[in-house]
Each structure stands twice: as structure tokens, then as C-alpha cells.
There are 2 protein chains.
Amino acid sequence: MKNRIKELRAKNDLTQDQLAEQLEVSRQTIISLERERYNPSIILAFKLAKIFNCQIEDIFIYEGEK
Amino acid sequence: MKNRIKELRAKNDLTQDQLAEQLEVSRQTIISLERERYNPSIILAFKLAKIFNCQIEDIFIYEGEK
DNA sequence: ATTCGATGTAAAGCGAACTTGACTTTTAAA
DNA sequence: TTTAAAAGTCAAGTTCGCTTTACATCGAAT
């Protein structure tokens, strides 16, 4: 699953640390998500959408890859 | 996290078994989701949205509950 | 009253999501 | 050219999404 987290985080002028804090997750989680090492829980996806003020579908691109 | 899976499944005339098969998950997973015993992975959420032909946000209602 | 499809419960197990901590590399500014 | 913030790696541990199996309940036919 591809995502635009790094791009959106930059657009919102946030460091990984700041985003992690807002999401109440560890910085490792942000790093791993940006590197697409794993897929987030739906709760994290909702939190991200809220922070970036958009839809989950605007952040994550599902291509039926599994 | 609340969801409308049971409702949407009924509207689409599907049994838990049939939905599980389409999603490639076990029937237990459907039961547990409908009973809101846990939250799905983002991948399952995308698959559900595809089957029900709607947005993830139309199926799952996030109220910041965590 | 019996049967059967659909729904439900319980419990053990596995792998993925996420944490924590310690350390390294990159980048940019002083 | 040192320094420091930001980004990254590695590894071990915990929690939770999901599976599997086996059994129970309910409703609606027959």
C-alpha cells in the first residue's frame, strides 16, 4: 500500500517527531509508515486524515495488492 | 470505532459467509467486526469499501475514541 | 418436533502493527 | 568545520487483527 505521508507532512511543515506526538504514536511508527514497511491500523489512518484535513483515500493508495 | 457493516451487508443481500469469502477472511472476522470487538486493518477497510462501492468513511465512524 | 442455514461464543495460536532504547547518518546553519 | 536537529537503522518486546476448530443458539421451513 502506497501513501503520501512524507509529502503531506512536509506540506504541513511537521517533523516526524511532531507528527508522532500529534498522532500519539512513536517516531519509529512514522518512519516505518513513510518507508512503507507496513500498513497502519484504520485508527491511525483516521487520525492522519484528521490532521491532514482530508480523506483516508487521499493519503493511502490501495491497488488491491494483497 | 462504530461501523455499518451489518447494515450494508444486509442491503447487499450477503450472508456473513459470503462476505467473508469475498473479502478473503474468515467468518469469525466478520462476526467480530460486526460486533465491534476490534478494528479492522486498513486493507480490510479498503476491501470493504470496494465491495460496498463507497468510501471507508461511509462504513466506519471514527469519533476520536482512542 | 425435527432439521438446517445463519449467526454466535470460546480459546489457542500466529504474524503484523506498534513500542522502546541505543546508536548512526544526513543536513544545514553557526 | 564543528554542532545540533532531523532522519534513519537495528533489534527485542508487547499488543491486537485474524485464523482455526469445535460447539451452541436461533428462526424458519418442513
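Note: hydrogens, waters and symmetry copies are ignored here, and every other heavy atom, side chains too, is used. Throughout, protein chains are lettered first and strands after them, A, B, ... in sequence-line order, and every chain is numbered starting at 1.
Transitive grouping of hydrophobic side chains (ILVMFWY, heavy atoms separated by less than 4.5 Å) keeps Ile31(B) and Phe52(B) in distinct clusters.
Of the possible polar contacts, none joining the Lys2(A) side chain to the Ile61(A) backbone as a donor-acceptor pair under 3.5 Å is found. Without hydrogens or angle criteria, Asn12(A) side chain to Arg9(A) main chain gives no donor-acceptor distance under 3.5 Å.
Distance Ile5(A) CD1 to dG8(D) P: 12 Å, rounded to the nearest Å. A straight line from CD of Glu7(A) to P of dA7(D) spans 15 Å, rounded to a whole angstrom. Atoms CD1 (Ile30(B)) and C1' (dT19(D)) sit 13 Å apart, rounded to a whole Å.
Within a 6.0 Å radius of CD in Glu21(B), no more than 12 heavy atoms belonging to other residues, nucleotides or ligands are found.
Closest non-hydrogen pair, Asn39(A) versus Met1(A), comes out as ND2-CB, 3.0 Å.
Taken over five-pair windows at either terminus, the axes of the helix from dA1(C)-dT30(D) to dA30(C)-dT1(D) are inclined to one another by 30° (rounded to 10 degrees).
Qualifying salt bridge (Lys or Arg N to Asp or Glu O under 4.0 Å) partners for Glu7(A), counting only residues two or more places apart in sequence or in other chains: Arg4(A), Lys11(A).
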Starting at the 5' end of nucleotides 6-20 of chain C, put B wherever the base has a protein heavy atom under 4.0 Å, S where only the sugar-phosphate does, and a dash everywhere else. SBBBB------SBBB

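Distance CD1/Ile56(B) to CD1/Ile56(A): 4.5 Å, rounded to 0.5 Å. Atom CG of Leu48(A) sits about 10.0 Å away from atom CD of Gln22(A), to the nearest 0.5 Å.
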